[in-house]
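A short write-up of the structure that comes next.
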Amino acid sequence: GAGVSQTPSNKVTEKGKYVELRCDPISGHTALYWYRQSLGQGPEFLIYFQGTGAADDSGLPNDRFFAVRPEGSVSTLKIQRTERGDSAVYLCASSLTGDPQETQYFGPGTRLLVL
Amino acid sequence: GQNIDQPTEMTATEGAIVQINCTYQTSGFNGLFWYQQHAGEAPTFLSYNVLDGLEEKGRFSSFLSRSKGYSYLLLKELQMKDSASYLCAVRGLPTGANNLFFGTGTRLTVIP
């Protein structure tokens, strides 16, 4: 595709449920990032993939959060036992090789609301 | 610790010039990025500075002083569509050399 795409665009769930958020990076981009943005705040780093492997998952807040990228393209962010505090916009970004000087291109985000 | 500071809100007049400042304190530095984010949309890339000095790109310019931990984004000939949040982000913090550490953003309102 032309840009980073994310599905669903909106997700409403109940406290305690499990959710999956999907990201399709720009074709050919090996680096993929997940961020979380709360209202009125800047994006907060969660996890970075280089190819299929998680190169840095230091931003994941706890073990309820997990992400995979099995074929080095599409990534899924998984949240178990959701809590109301997980409500935020989850942004995915990709870059060509992961070089620090490269621009990260963001997707439109998934707005998660936990009731 | 690490911190990025930006003004929370600014207002400017259509056709004018506005400067949005960003100061940062980090233990590592691989570059500073400015992103524009319209309400409800994804951040879009505006500029990147890794060396001291001014980078100009059309109506937008960005300046960096690494010794002072300071950057600014300059917007000229403001248009109504420039009303958005402007995010300052630094790469190379202890969270990882590749990751972006964002400020809270500056919400700019352009008035007629």
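Naming convention: chains lettered A, B, ... in sequence-line order (proteins, then strands); numbering from 1 in each chain. Reckoned from all heavy atoms, side chains included, excluding hydrogens, waters and symmetry mates. Small disclaimer: the values here were computed from a predicted structure and weren't measured.
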Quiz item: Can you tell me how far the OH atom of B:Tyr48 sits from the CD atom of A:Glu102, to the nearest 0.5 Å?
Solution: 10.0 Å
Quiz item: When only heavy atoms count and the cut-off is under 4.5 Å, which of residues 106-115 of chain A reach chain B?
Solution: A:Phe106, A:Gly107, A:Pro108, A:Arg111
Exercise. Quick one: pull up CD in A:Gln41 and CG in B:Leu87 and give me the separation to the nearest 0.5 Å.
Key: 10.5 Å
Quiz item: Taking atom OH of A:Tyr35 and atom CZ of B:Phe101, what is their separation to the nearest 0.5 Å?
Solution: 11.5 Å
Self-check item: Part of B:Gln6 within contact of chain A (heavy atom distance under 4.5 Å)
Solution: neither
Practice problem: Answer with side chain, backbone, both or neither: which region of A:Gln37 has an atom nearer than 4.5 Å to a non-hydrogen atom of chain B? | Solution: side chain
Self-check item: B:Lys57 atom NZ, neighbour heavy-atom count above 12 within 6.0 Å
Solution: yes
Quiz item: Atom CZ in B:Phe33, atom CD in A:Gln104: separation rounded to 0.5 Å?
Solution: 7.0 Å
Practice problem: Decide if atom CD of B:Glu77 counts as having more than 12 heavy atoms of other residues, nucleotides or ligands within a radius under 6.0 Å. | Solution: no
Quiz item: Cluster question for you: counting only ILVMFWY and a side-chain heavy-atom cut-off of under 4.5 Å, with indirect links fine, are B:Leu46 and B:Val110 together?
Solution: yes
Self-check item: Verdict with reasoning, A:Thr103 to B:Tyr35, per side chain to side chain contact (heavy atoms under 4.5 Å, CB included)
Solution: CA-CA 10 Å; A:Thr103 298; B:Tyr35 280 81; 4.1 Å; yes
Exercise. Look at atom OH of B:Tyr24 and say whether more than 12 heavy atoms of other residues, nucleotides or ligands are closer to it than 6.0 Å.
Key: yes
Self-check item: Choice from A:Pro43, A:Gly42, A:Ala93 maximising heavy atom contacts with chain B below 4.5 Å
Solution: A:Pro43
